[in-house]
A.B. asks: 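Here it is, the structure, as structure tokens.
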Amino acid sequence: MTFKHLFSPLKIGKVEVRNRISFQPHLTNFAVDCLPTERHMHYWGERARGGVGLIITEEMSVHPTDRAYEKLVEVFHPEVIPHFRRIADRVHEFEARIFAQLNHNGQQCDGTISRLPVWAPSPVPDVLFRETPKEMEPEDIEEVARYFGRCAVHVREGGFDGVELQFGHSSLARQFLSPLTNFRTDEFGGSLENRMRAPLMFIEAVRRAVGDDYTVGIRLCADEMIPGGLDLAQVQEIARRFEATGLIDFMDLSIATFYNLYLVEGSMHTPLGYTVPLAAGIRESVKLPVFCTGRINDPVMAEKVLAAGQADMIGMCRALICDPFLPKKAEEGRMEEIRYCVADNQGCIGRMGVNKLLGCIQNPAVGLEARWGEGSLRPAAVKKRVMVVGGGPAGMWAAKMAALRGHRVDLYERGDELGGQVLIAMKGAGRDEFGVIARNEKAQLDRLGVTVHLGVEVTEAMVLEQAPDAVIVATGSVPKAHPVAGADGPAVFNVWQVLEGEAEVGQSVCLIDYDGHHRATSTAEHLADRGVEVHIITSSLFVGAELGPLQDLYLTRQRLLQKGVTFTPDIAVMEVTGEAGDKRVKGFNVYSNEWGEWGPYDSLVLAMGQEVDDRLYKALKGKVKELHRIGDCVAPRKVDMAIWEGHKVGREI
Amino acid sequence: MTANGLSVVVLLREVLDPRPPVRLAGGGVMVREPGPRRLVNPADLEALEEAMLLAEGRGARVTAVAVGPGRRLEDGLRLALAMGAHRAVRVDGPGLWEGDAVARARVLARVVEILSPSLVLAGARLLDRGDDPAPALAAAGLGLPCCTPVVSARVGDGEATATRKADRGARDVVALPLPCVLLMEGGAREPRYPDLDAVLAALGAPVETWGLPELGLPERAVGEHAALLRPERLVHPRPDPTPVPTPDPDAPAFERIRTLLSGGIRARAGRVHEGSAGEVVEGLLRILEEEGLLQGAAP
Ligand SMILES: Cc1cc2nc3c(=O)[nH]c(=O)nc-3n(C[C@H](O)[C@H](O)[C@H](O)COP(=O)(O)OP(=O)(O)OC[C@H]3O[C@@H](n4cnc5c(N)ncnc54)[C@H](O)[C@@H]3O)c2cc1C
Ligand SMILES: Cc1cc2nc3c(=O)[nH]c(=O)nc-3n(C[C@H](O)[C@H](O)[C@H](O)COP(=O)(O)O)c2cc1C
Ligand code: SF4
């Protein structure tokens, strides 16, 4: 397949971008002392090398009152310039272009970090940060405009190719534009003309500061998707008016607000390309190049959107966090080598709000490109015969990395397909895309000539007989056999049995959720989809306690409610009793200490934890030349750690 | 066309049972064997059922022709005989089926030429690969009219009338002069279940095997030599994303979000008919007839 549109160049303002793929702005938490770092340079450099046309940096702060996160770059300090230069040089080395995203987050900010009052058009707190802001005085607005201008100069001096002003889902500018957050009665509020006044001042200040021969654009929120907020029709008008000033060169788009953040980084439960109609709507109203972003994670879809005239530029954020080389692979027709993002949100956005460094469950090298980036893999000095036991994500990654380094690798899996628990996880309601994690790697194993033995249960005797140079045990974990008293009684099942279709659950089920993650909720939904009446009991404050940072909580709860699932939180379950058809759950409220009994249910489903399957490891310990243990069989965790450890051992063995 | 009335040829093709997962081998150019279950394409068996109904009604003579490599298809032919087919022919030979649809169409065309039936029937789609252009290409090569996907067919004197599926549940009714090729939509009929006597009788019945000599085709005219396209690589397809519909800007935010998240799949709205039991039954029959789903019922 050739991508005629995707790989045609585009003139954006004064710069020519070599193709239609833009690495969209996203926080990284890589900044140190509010300055860009080497980590940033290698991170963006890797994407430039991977063939992306344009890079837009993470949002960077233009003013001291804007500290939404601990680790932001503050562009108003001139110290950023030499750092920017190093970054720009690296990106230009690979013929990519780079814009800086400049932002003031307004009310979507944390004054306890900046130790300053939060600034906003009106004193209404943001739903997430919940801090009542100071209503900006006209001189505050002028000050922010001045700072925008100053920062843009720093960006230009730093050798970047352009600036993007964040007027999108999290920005002071949007708060001025939107009737949701702007209740002013002066010349900055009321009519659309007035509401556009402050954002226009920001644009004018930037244009004045950088001159006419520099590229400036905005990222506009195409639809706030909240009652009383901006909708597409209003934003079309706003877009037309911004364009009419002649001061901007492109229109990047985002969607939603912090009321509905789950729409900003749509998880696998949102359709691919879910914002395409909005981009198409804006593109109808303006002539400037329009960007479309949101779950466009593969070049085929990107090409279709461009060919259909729905956008001029395709924004890919997570797709390139996951595989920096997606553009190059697509251009060279190496489609089956692309590692597709699955929108689980665990490794990237899931780590941002909690102050961890950006990562990706499928790409251990994120943020560590200097050490683990392209070209860092060295052939093994001694070529070994490596035996990998267990075809889950840990085993597959270990096998892949070892094979890449020239080892002779045999991968053993007792099941008849590679993937391990991923194959079970993908059977949960709406979790099909999780299976792509395994699919991505299968293709690589084929390509690298790893010998895969399916349907073979590896025993101690087998290993000793084959006497490989190194053994990597990745035998995974299984549901806890006896997580609670009575678990061995009749009609008590675990999540695996339900998802594998091995459980006769009857018509009413109580699911005990000690997981807080998709393991529990996607199983509950799976049952509800089949007409089963489901009640969930959890010891947490609410069901799906781990899903918030992944932007999956809202829609999961919505779907469960729509499907008639009911919840009891706060309960520590101590015993399950009764016969099939008359199952009961006994426990106490962890806050009030009151005991209670729930039931009767036809059956019970337990999501109450995993235990390691380390039998092979223990049997082999001390008996083979070189023994490694990785993934869930070390301690039951999640895919990110399985892949991390598989990657690491494959590199080091 | 045979002198004493209608003759029908039904093509039987083998497909992979898509339920057990398929594994690739040889660096992705082959499907790994053994393991996958194979069966006669269900839509082809339905076409055979249609042929048997014609045979019963019009005294047609039915020839089942197995097209595709391997002896396994002989089981399919014996099933066809048990279901009532009069003659069974297996067409196979070294490399005969290794080419693309164009190459396979050439062989099919030759088979039809030799048997010169009034009607050729086959399933419109293969259970595993979906479309098979070969029967339609063969029809084109022979200059025969071809109709697909056919939900029901009637055969009159020198003419067939086929009801074919069109967009959005609509139906076209097409008249074709005989001889012609009809590719039958699956799911419209249930192939008959042969009784034990018939199965036992079929076990001993003759199955003809035709190779290149019987077909009278030179080796260079078939298989890989005749193919225009060569497979480079087989990969599992990525699921196709469903397009997202544009939300109505006047709708409330909750509805706009719902539209964006719907991914475009909406169940077709049903119609509700009310009335007495008799009226409802009559209404239902009328709909079934309009949709071309009823056959053999009194008008
Ligand atoms: C329903 C469900 C939902 C989940 N959802 C998520 C999620 O949303 N996000 C997330 O990050 N994680 C999730 N997980 C957890 C995740 O799947 C696991 O953490 C991960 O698969 C662990 O990988 P692994 O390779 O270490 O082990 P496993 O995936 O357990 O693989 C081990 C493999 O080894 C094989 N094996 C064992 N012993 C032998 C032997 N002797 N010989 C040959 N083969 C052997 C097993 O058959 C198995 O295939 C979920 C798990 C489940 C069950
Ligand atoms: C970790 C992370 C951080 C983000 N931070 C920003 C940001 O600082 N500014 C911004 O405009 N968008 C931000 N976004 C939104 C992305 O630019 C993009 O719109 C979104 O991820 C959807 O695109 P995708 O499906 O290609 O990932 C962020 C996204 C992620 C995943
Ligand atoms: S962590 Fe998941 S959602 Fe985030 S980039 Fe990686 S694969 Fe995509």
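Heavy atoms only: backbone and side chains are in, while hydrogens, waters and symmetry mates are out. Note on naming: letters A, B, ... go to the chains in the order of the sequence lines (proteins, then strands), and numbering restarts at 1 for each one. This is a predicted model, so every value here is computed, not measured.
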A.B. asks: Does any backbone or side-chain atom of A/Gln558 lie under 4.5 Å from a heavy atom of chain B? Answer side chain, backbone, both or neither.
C.D. replies: side chain
A.B. asks: For A/Tyr262, is it the side chain, the backbone, both or neither that has a heavy atom under 4.5 Å from a heavy atom of chain B?
C.D. replies: side chain
A.B. asks: So, using salt bridge (charged side-chain N to carboxylate O under 4.0 Å, His left out) as the criterion, who are the partners of A/Asp529 when residues are at least two apart?
C.D. replies: A/Lys563
A.B. asks: What residues form a salt bridge (charged side-chain N to carboxylate O under 4.0 Å, His left out) with A/Arg447, not counting sequence neighbours?
C.D. replies: A/Glu337
A.B. asks: Which answer fits A/Leu230, side chain, backbone, both or neither, if we ask what part of it has an atom under 4.5 Å from a heavy atom of chain B?
C.D. replies: backbone
A.B. asks: Quick check on A/Asp432 against chain B: is it the side chain, the backbone, both or neither that has a heavy atom closer than 4.5 Å?
C.D. replies: neither
A.B. asks: Return yes if a side-chain donor-acceptor contact under 3.5 Å exists between A/Glu265 and A/Asn345, otherwise no.
C.D. replies: no
A.B. asks: Are A/Asp298 and A/Tyr340 close enough that some pair of their side-chain heavy atoms sits under 4.5 Å apart?
C.D. replies: yes
